[in-house]
Chemist: 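Here it is, the structure, as structure tokens.
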Amino acid sequence: MLQAPPAEPGMREEEVDTPALLIDLDAFEANLDAMAARLAGTGAKLRAHAKTHKSAAIAHQQMRRGAVGQCVQKVAEAEALAWGGVPDILVSNQVVDARKLRRLAALSGIAKVAVCADDAAGIDTIAAVAEAAGRRMEVLVEIDVGAGRCGVDPGPEAVALAGRIAASPHLIFGGLQAYHGSAQHRRTADERRAAIAGAAEGVRRTVEQLRQQGLDCPIVGGAGTGTYELELEAGLWTEIQAGSYAFMDADYAANGAPPPFRQSLFVLAQVMSAPRDGVAVLDAGHKAVAVDSGLPLVWQRPGIRYVGASDEHGALAVEGGARPKLGERLRLVPGHCDPTVDRYDWYVGVRGGRVECLWPVSARGGMV
Ligand code: PLP
Ligand code: MN
């Protein structure tokens with residue numbers, strides 16, 4: 001069920017119903033501008049990952065600043081964005097179920113939609129669905145550039161799949177998906193550099209072998225908030241898929257040499273109990289803020305730490321004079337932005353202490 005919005009434009013932040021998903025609009029816009037400025041003139045484009053924001057409203061702001069389109073992880077996200085007017089969408093993931101593929105084929109009537117594959121039978125299924133739907137579908141081959149998740153090895157296996165796509169009259173070979181997921185949060189810059197150097201070697205080799213087979217590789221997609229500088233330096237990636245850069249989170253802030261973006265996403269929570277010295281309790285537990293990458297941080301309140309999350313309670317440890325008042329609202333910095341966003345129906349955009357806008361998290365909760 002869609003929840004009623006927790007705020008109205010013009011309200012003061014202290015009046016927003018809690019827990020709420022807050023965007024500091026100045027910080028958010030600065031992040032979008034910074035990424036757009038970094039990419040200008042590099043030859044690489046942003047295809048921001050909507051798995052983070054799950055919102056057509058935010059996708060449009062990224063595209064207004066030069067993003068070519070959006071990545072999604074799921075068919076339901078692709079639908080929500082296409083229905084929200086996003087014209088160019090890559091499902092940066094494998095879709096192997098014919099029913100889901102039929103939904104993607106149907107969407108391609110209103111948006112350009114591409115999908116990834118890492119298996120010959122999977123490609124044949126996409127081709128069969130495309131033929132039945134009377135549409136050509138664009139397919140990228142996913143290569144495993146070190147994360148050990150989806151994707152075939154760089155080199156001949158990837159080239160064979162690309163050839164299979166190119167040979168189908170119902171498919172278009174779109175290029176390579178080359179995302180190194182586990183490199184993003186490696187803590188030291190040296191570890192991240194070594195990981196992306198390995199990824200670049202695999203991409204370079206595969207693009208070269210594609211060329212030898214007469215196959216052009218229009219897109220090389222990948223990179224996230226933790227490593228995009230390295231993919232840009234390598235000069236091989238044409239599309240940068242960063243998502244978290246718009247919001248940031250405590251886990252990214254803990255990287256050595258963290259990316260140059262400001263924290264713009266918060267969970268606003270209220271102190272609902274302060275029963276004794278040293279202890280206070282917020283109305284935001286792990287149903288309100290994701291804890292898979294660590295507990296949230298309390299924003300700009302020295303002496304107050306978030307120390308325990310249960311379903312609906314967030315336990316705070318409070319030093320001496322820092323004791324918060326009952327009913328007081330505190331901002332939390334989520335440990336991990338993406339799954340935190342997925343818990344809410346609305347973003348509450350604030351500027352200068354006032355609510356300015358409410359944006360629906362229109363692609364949230366899509367399990368399919
Ligand atoms: N690309 C792909 C395929 C991803 O799975 C992800 C995140 O998991 C990203 C890009 C974006 O990463 P980040 O949100 O860390 O910028
Ligand atoms: Mn994430």
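Values below: all heavy atoms of this structure, side chains included; hydrogens, waters and symmetry mates excluded. Note that the structure is predicted; figures quoted are calculated from it, not measured. Remember, it's 1-based here, ligands and their atoms both numbered in the order they're listed.
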Chemist: Give the C-alpha distance, both sets of side-chain angles, the deciding distance and a yes or no for side-chain hydrogen bond (donor to acceptor under 3.5 Å, both in side chains) between Gln209 and Thr206.
Modeler: CA-CA 5 Å; Gln209 291 173 13; Thr206 310; 5.7 Å; no

Chemist: Would you check if Lys54 and Asp342 make a side-chain contact, meaning some heavy-atom pair closer than 4.5 Å?
Modeler: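 Yes, their side chains come closer than 4.5 Å.
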
Chemist: Would a 4.5 Å heavy-atom cut-off, applied to side chains only, mark Tyr306 and Leu282 as touching?
Modeler: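 In contact.
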
Chemist: Taking distance alone, with no angle check, do Ser244 and ligand 1 share an N/O pair under 3.5 Å?
Modeler: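 By distance alone, the answer is yes.
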
Chemist: Can you check whether Trp346 reaches Pro360 side chain to side chain, under 4.5 Å on heavy atoms?
Modeler: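 When only atoms from C-beta onward are counted, Pro360 and Trp346 do touch, with a gap below 4.5 Å.
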
Chemist: Could you list which atoms of ligand 1 come closer than 4.0 Å to a heavy atom of Thr52?
Modeler: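 Atoms satisfying the 4.0 Å criterion: 14 (O).
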
Chemist: Can you report which non-hydrogen protein atom sits closest to atom 8 (O) of ligand 1, along with the distance?
Modeler: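 Ranked first by proximity to atom 8 (O) of ligand 1 is Lys51 NZ, 2.9 Å.
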
Chemist: Is the shortest distance from a heavy atom of Tyr252 to ligand 1 less than 4.0 Å?
Modeler: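 It does; at least one heavy atom falls under 4.0 Å.
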
Chemist: Quick one: are His185 and Arg192 in side-chain contact, heavy atoms under 4.5 Å?
Modeler: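 They are not in side-chain contact.
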
Chemist: If you measure from each non-hydrogen atom of Glu142 to ligand 1, which part falls under 4.0 Å: side chain, backbone, both or neither?
Modeler: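 Under 4.0 Å from ligand 1, Glu142 contributes no heavy atoms.
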
Chemist: For Arg99, does its backbone N or O pair with a side-chain atom of Arg103 as donor and acceptor, under 3.5 Å?
Modeler: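 A pair under 3.5 Å: no.
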
Chemist: Does an N or O anywhere in Gln177 fall below 3.5 Å from an N or O of ligand 1?
Modeler: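 No: no nitrogen or oxygen of Gln177 is under 3.5 Å from one in ligand 1.
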
Chemist: Kindly determine whether Tyr245 and Gln62 satisfy side-chain hydrogen bond (donor to acceptor under 3.5 Å, both in side chains), including the steps that lead there.
Modeler: CA-CA 11 Å; Tyr245 82 98; Gln62 292 170 319; 3.1 Å; yes

Chemist: Within the side chain of Arg136, is there an N or O that forms a donor-acceptor pair under 3.5 Å with the backbone of Pro169?
Modeler: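 It does hold such a pair.
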
Chemist: Looking just at side-chain N and O atoms, do Asp311 and His313 make a donor-acceptor pair shorter than 3.5 Å?
Modeler: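 Absent: no donor and acceptor within the cut-off.
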
Chemist: Give me the nearest non-hydrogen protein atom to atom 10 (C) of ligand 1 as residue plus atom name, then the distance to 0.1 Å.
Modeler: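 The protein heavy atom lying closest is Gln241 O, 3.2 Å.
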
Chemist: Please collect all ring-ring contact (aromatic ring centres under 6.0 Å, His included) contacts where either partner lies in residues 23-80, sequence neighbours excluded, each pair once.
Modeler: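 Only Phe28-Trp359 qualify under ring-ring contact (aromatic ring centres under 6.0 Å, His included).
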
Chemist: For atom 12 (O) of ligand 1, what's the nearest protein heavy atom and its distance?
Modeler: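 Result: Tyr179 OH, 3.4 Å.
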
Chemist: Looking only at heavy atoms, what is the nearest atom pair of Pro6 and Leu358, with distance?
Modeler: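 Minimum heavy-atom separation between Pro6 and Leu358: CD-CD2, 4.3 Å.
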
Chemist: So is there a nitrogen or oxygen of Thr225 less than 3.5 Å from a nitrogen or oxygen in ligand 1?
Modeler: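 Such a contact does occur with ligand 1.
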
Chemist: Could you check atom 5 (O) of ligand 1 against the protein and tell me its nearest heavy-atom contact, residue, atom and distance included?
Modeler: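 Nearest neighbour among protein heavy atoms for atom 5 (O) of ligand 1, to 0.1 Å: Gln73 NE2, 2.9 Å.
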
Chemist: Do Ala242 and ligand 1 have an N or O pair less than 3.5 Å apart?
Modeler: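 N/O-N/O distance under 3.5 Å: no.
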
Chemist: Compare all side-chain heavy atoms of Gln241 with those of Tyr228 and state whether any distance is below 4.5 angstrom.
Modeler: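 Gln241 vs Tyr228: side chains apart.
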
Chemist: Around the Mn ion (ligand 2), how many protein N, O or S atoms are found at less than 2.8 Å?
Modeler: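 Protein N, O or S neighbours of the Mn ion (ligand 2) under 2.8 Å, waters not counted, come to 2.
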
Chemist: Go through ligand 1 atom by atom and flag the ones less than 4.0 Å from a non-hydrogen atom of Arg149.
Modeler: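 In order of number, 5 (O).
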
Chemist: Identify, by atom number and element, the atoms of ligand 1 in contact range of Gly224, meaning under 4.0 Å from any of its heavy atoms.
Modeler: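 It comes down to these atoms of ligand 1: 12 (O), 16 (O).
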
